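Reading through the structure tokens given below for one structure.
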Amino acid sequence: MNRTWKQSLMTLPGVGASILPKLACPACWPAYAALLSSVGLGFLISTVYLLPMTVALLSLALGAIAFRAKQRNGYGPLLLGLLATAAVLLGKFAWESKPTMYSAFGLLVVASLWNAWPRHAPSEVAMCPGCERKEVR
């Protein structure tokens, strides 16, 4: 199956959000510092940039969930994603609560999966322009 560039681009926010919990792990910092330094972005490893990077990546993830939300599974996944985003930010930066932060990341993953889950709506197929439409299940 060929993937278009848009489909590939839609995976980037998920990749960014998936590394955020690892950024909170002190054991992983040297690996991220080396990775970011190797591409000339070593200054981003500073904790000063953690809040803006987190907000940016969570915004991208929410944007991916919001994209064509009405045609996918409605606005439920987006609302769950907004709740999860708020909980991530509060858990990490206001309350400094790891259980809250990791639970919120779990909710964000659930919202993403719910958003990507295929809908099974009956489709209509016309045999010819003058024929009646038949419902296919």
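Everything quoted here is computed from the prediction, not taken from an experiment. Hydrogens, waters and symmetry mates are skipped; everything else that's a heavy atom, side chains included, is used.
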Exercise. Given the rule that I, L, V, M, F, W and Y join up when any side-chain heavy atoms are under 4.5 Å apart, are W117 and V109 in one cluster?
Worked result: no
Exercise. Rounded to the nearest 0.5 Å, how far does CG of L107 lie from OG1 of T100?
Worked result: 11.0 Å
For this session: Please answer: with hydrophobic residues joined when any side-chain heavy atoms are less than 4.5 Å apart, are F105 and L83 in the same cluster?
Result: no
Problem set entry | Atom pair CH2 (W114) and CD1 (I65), whose distance is rounded to the nearest 0.5 Å | 10.5 Å
Problem set entry | Audit row: L89, L51, side-chain contact (heavy atoms from CB on, under 4.5 Å) steps and yes/no | CA-CA 8 Å; L89 293 173; L51 176 61; 4.2 Å; yes
Problem set entry | Over all atoms of both residues, closest heavy-atom pair of A104 and A87 | CB-CB, 3.5 Å
Problem set entry | All side-chain contact (heavy atoms from CB on, under 4.5 Å) counterparts of L90, not counting sequence neighbours | A94, W95
Exercise. For the hydrophobic clusters of this structure (ILVMFWY residues joined by side-chain heavy atoms under 4.5 Å, transitively), does one cluster hold both Y75 and L62?
Worked result: yes
Exercise. Nearest 0.5 Å, what's the CE-CD distance between M101 and E96?
Worked result: 10.5 Å
For this session: Flag the pair S59 / V55 as yes when at least one side-chain heavy-atom distance between them is below 4.5 Å, and no otherwise.
Result: yes
Exercise. Is any side-chain heavy atom of V88 less than 4.5 Å from a side-chain heavy atom of L58?
Worked result: yes
